[in-house]
Structures are given as C-alpha cells and as structure tokens.
Amino acid sequence: MSNQLQRAAYSVLLPAFSGLELDDTVRRYLSRGGVSILLGETRDEYLARNMSFERRRSETHAHFMGIAEQAAACADSPVLVAVDQELGGIQRLHRLVPGMPSADALKGMSADVIEARSYEMASSARVMGVNLFLAPIVDVVTGVNPWLHHRNLGPDPAEVSRIACAFIRGVQRAGVIATAKHFPGHYQTEHDPAVARATVPGPVDALEDGLDVFRQVIAAGVQAVMPGPAVFPALDPSQSASTSQRVIGLLRDTLAFDGLIISDDLDAVSILRDNSITETAVTALKAGAHLLLVSSESGLDGIAQAIVDAVENGELDRQQLLNAANRVRHLAQSSRAQVESGLYVSYPISGGHLTRRVPL
C-alpha cells in the first residue's frame, strides 16, 4: 500500500482501550499514522455507568498526562485523546475533575451556571491531556430505551437543548472538542445495540424533536457529531445510523453540519449486523463518517489494510479517505490552539478542589 494511503487509513481510526497504558498494538497504530485514542471503560463499568472502585482509587492526573504524552511521542504529532464524559451518564474522569450535577439537578440550573461548571470541568481535563469528549448525549428519550437509561437528559427537547448547548459552550471554550450523540436521536429502542440488533421505530415525523435538538447544538457550534448504532427504518431499513449514507447525508446536507463525524462503536452488534469489522469500517467511510470508533483489539492493521484495498479497487473514493484523514489530523493539530492563554483549573484536594490559573 502507498504510504499516503496507509497513513490516511490509520488516521481515520479511533481505537478504544480500557486501561491507561499503550500496548504494542496501539503504539504500532500511532507510529503508522494514527492520531486518536479513546481511553475507555470496561464492559462492567459501562453497564454500571460508573468507574470501578479500583480505578477511582488508583488513577491519577499523572497517569492521564503520561499516556497523552506517550501517544503524541509515538505518533510524532498532536493526538486526539478522547473519553466518555457524559452528563448524568458515564464519567470516565471520575474524581479527577470537578464533578457535574446530576441530570435532574441540571434542570434547575441556569445555562450560564451550567456553562461555567462545564468549563471548569473541561479545563481540568484539558490540562491532563484530554481534548475530546464523546459527550453530550442529546437523544430526547420518550419511550423504552434500556441502552440510554440513566444516561439521557429527559423527554423535553427544549430542556435537552438548553443543557446540552450550555455544556458544549463551556467544554469547547476550555479547548476540548464536544461530540453530540447519537444522531438522529434514539427516542426509543428496546435493545442494547452493543449486544443485539436495535431499531428505532416509527415514521420520520417521530424523529423531529430529536432532529431539532441537533439543529440547536449545531447552531451552538458543536465540533463533532456521532451517529448512533440503531437502524432507523424510516430513513434506511438496512444500515445503522453510523453506516448509513442516508442518515449521515441528512446530518451533513439537510442540517448543514460541516464538522467531524465520528461513528459509534463499529464492534456493536447493531452496527455490524453480521458483517465483518473490515466491511463495516469501509461502509462507514463510504457513508460519510470521518473517524471510526473501534476496539483496539479488533485488528487495527487488518482494518487499515481493508480501507486501502477499498480505495485501490475503486470501492472507496481516494479523495474521500484523504479528506477524512486530513479533517481528523487538522482537529488534532488545532486543539491546542483553541485553548485560551491560561485556564482556571480545579485540582481535587481534601475537602474540595483547589483552583489556580495555569498557562498552556
């Protein structure tokens, strides 16, 4: 494979792993062109929506700073360091950053206060080397949805939008990219898409509340959007939102979103739908995704090779791959430039947090 295509193929991958160490697989990925990592959680932590006691006891600011520095050294370039730092859901950074109020508490707070709290939290994360949040969740959940139970902001689209936009403004002012998920809005789905095929039923009109929230967060300047893992038969009966050209086209063309499009976890049963991970990765890129979330154990070299092969055999447009890779690399390189000259950062101490201004 040509070196340019190879590096581009690795650049569009976002490998997730649960620890704070770079294994040989991830180091090789970074050395071959990768510029993104997701510091994830274990399956048990994901299901519990909470980090384990052992993790909360053992992880430090230095661990996060260390892995971010190592990743940049392996890549020989700036790297996107992502975490799930949701409102009322998974908070990967646990006690290491100032906590955010519960979803219920947020509803009683002004947008200015939510923005200030979000800025404080994200500023601490940014100093630790984290520059991409896979948050906020903006699905307007009105029906059964065990997947987003205790992770969503409720059934009122106006309130979801108000809280999410404030969060996005605060986070991105701190130099951290926010990701609104999961497009086009999973108002209900009976199954967990990670382990079963999930569908969002109903006509296109039933999606309007969710789509309106995405219009609002796009207007607020959100830099990334994640299509979801379920199938929306009203839009595309055969592909998940993350691999559907119609769904991503709705986001890009109708809602005029011109930022980074990050797929949901391509290893999810509902996205794979009995296809291989390599086939699914190519399909997601063809549909318009720029960055593909995958497990670091899913065969990164094989996925990159499949992407290059798809270009060389004419299945995937070469310029589309190069544009996606350039978009990811540009965001990684510009993330530091978005940070203000100094940040007010809160460090956890006994009895509370110590806030001080630090230059970056």
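Computed from a predicted structure; not experimentally measured. Nothing fancy with the numbering, it's 1 onward along the sequence.
Note: the hydrophobic cluster containing Leu272 does not contain Val195 (ILVMFWY, side chain heavy atoms under 4.5 Å, direct or indirect links). Leu20 and Val81 fall within the same hydrophobic cluster, defined by Ile, Leu, Val, Met, Phe, Trp and Tyr side-chain heavy atoms under 4.5 Å apart, directly or through other members. In the hydrophobic clustering of ILVMFWY residues, with side-chain heavy atoms under 4.5 Å counting as a link, Ile303 and Leu30 come out together. By the criterion of side-chain heavy atoms lying less than 4.5 angstrom apart, applied directly or through intervening Ile, Leu, Val, Met, Phe, Trp or Tyr residues, Val269 is not grouped with Ile277; the two fall into different hydrophobic clusters. One hydrophobic cluster, built from ILVMFWY side chains closer than 4.5 Å, cannot hold both Leu235 and Val231; they sit in different ones.
Using modelled atom types, one finds no donor on one side chain facing an acceptor on the other under 3.5 Å when comparing Ser240 with Ser242. Side-chain contact check for His63 and Thr60: at least one donor-acceptor pair (N or O, by modelled atom type) lies under 3.5 Å. Under the 3.5 Å distance criterion, with hydrogens and angles disregarded, a donor-acceptor pair is assigned to the side chains of Ser52 and Glu45. A donor-acceptor pair shorter than 3.5 Å can be found between the side chains of Gln305 and Asp309. Side chain to side chain, Tyr46 and Asp84 fail the donor-acceptor criterion of an N or O pair below 3.5 Å. Side chain to side chain, Ser276 and Glu279 meet the donor-acceptor criterion of an N or O pair below 3.5 Å.
In this pair, His182 and Trp147 present their aromatic rings tilted. The plane angle is within the 30 to 60° band.
Going from atom CD of Gln85 over to atom OG of Ser118 covers 10.0 Å, rounded to the nearest 0.5 Å. Once rounded to the nearest 0.5 Å, the distance linking CD1 of Ile261 with CG of Leu251 reads 4.5 Å. In this structure, Ile262 CD1 and Leu331 CG are separated by 8.5 Å, a value rounded to the nearest 0.5 Å. Taking CG from Leu250 and CG from Leu211, the interatomic distance works out to 5.5 Å, rounded to the nearest 0.5 Å. Atoms CD and NE2, from Glu59 and His94 in turn, are 4.0 Å apart once rounded to the nearest 0.5 Å.
Looking at every heavy atom in both residues, Gly34 comes nearest to Ala75 through O-CB, 3.6 Å. The shortest heavy-atom contact between Leu148 and Asn145 is N-OD1, 3.0 Å. Considering all non-hydrogen atoms of both residues, His191 and Ala196 come closest at CB-CB, 4.0 Å. A pairwise comparison of heavy atoms in Ala71 and Leu22 identifies N-CD1, 3.6 Å as the closest pair. Between Asp264 and Pro229, the closest heavy-atom pair is OD2-CD, 3.3 Å. What you find for Ala198 and Thr189 is that their closest heavy atoms are CB-OG1, 3.4 Å.
Using a 4.0 Å cut-off between a side-chain N of Lys or Arg and a carboxylate O of Asp or Glu, Asp301 and Arg28 qualify as a salt bridge. Arg173 and Glu115 are joined by a salt bridge, as a carboxylate oxygen and a charged side-chain nitrogen come within less than 4.0 angstrom of each other.
Residue pairs meeting the side chain to side chain donor-acceptor pair (under 3.5 Å) criterion with at least one partner in residues 314-327, sequence neighbours excluded, are Gln4-Arg318, His290-Arg327, Gln319-Asn323. Evaluation of the side chain to side chain donor-acceptor pair (under 3.5 Å) test over residues 196-209, restricted to residues two or more places apart or in two chains, returns Arg197-Asp274, Glu208-Arg215.
Contacts of Arg246 classified as side chain to side chain donor-acceptor pair (under 3.5 Å), with partners at least two apart in sequence or in another chain: none. Among residues two or more places apart in sequence or in another chain, the ring-ring contact (aromatic ring centres under 6.0 Å, His included) test is passed with Phe64 by none. Evaluation of the ring-ring contact (aromatic ring centres under 6.0 Å, His included) rule for Phe133 yields no partner, not counting sequence neighbours. Not counting sequence neighbours, the partners of Gln70 by the side chain to side chain donor-acceptor pair (under 3.5 Å) test are Arg27.
For Gln188, the CD atom sits in a packed shell: over 12 heavy atoms of surrounding residues, nucleotides or ligands are nearer than 6.0 Å.
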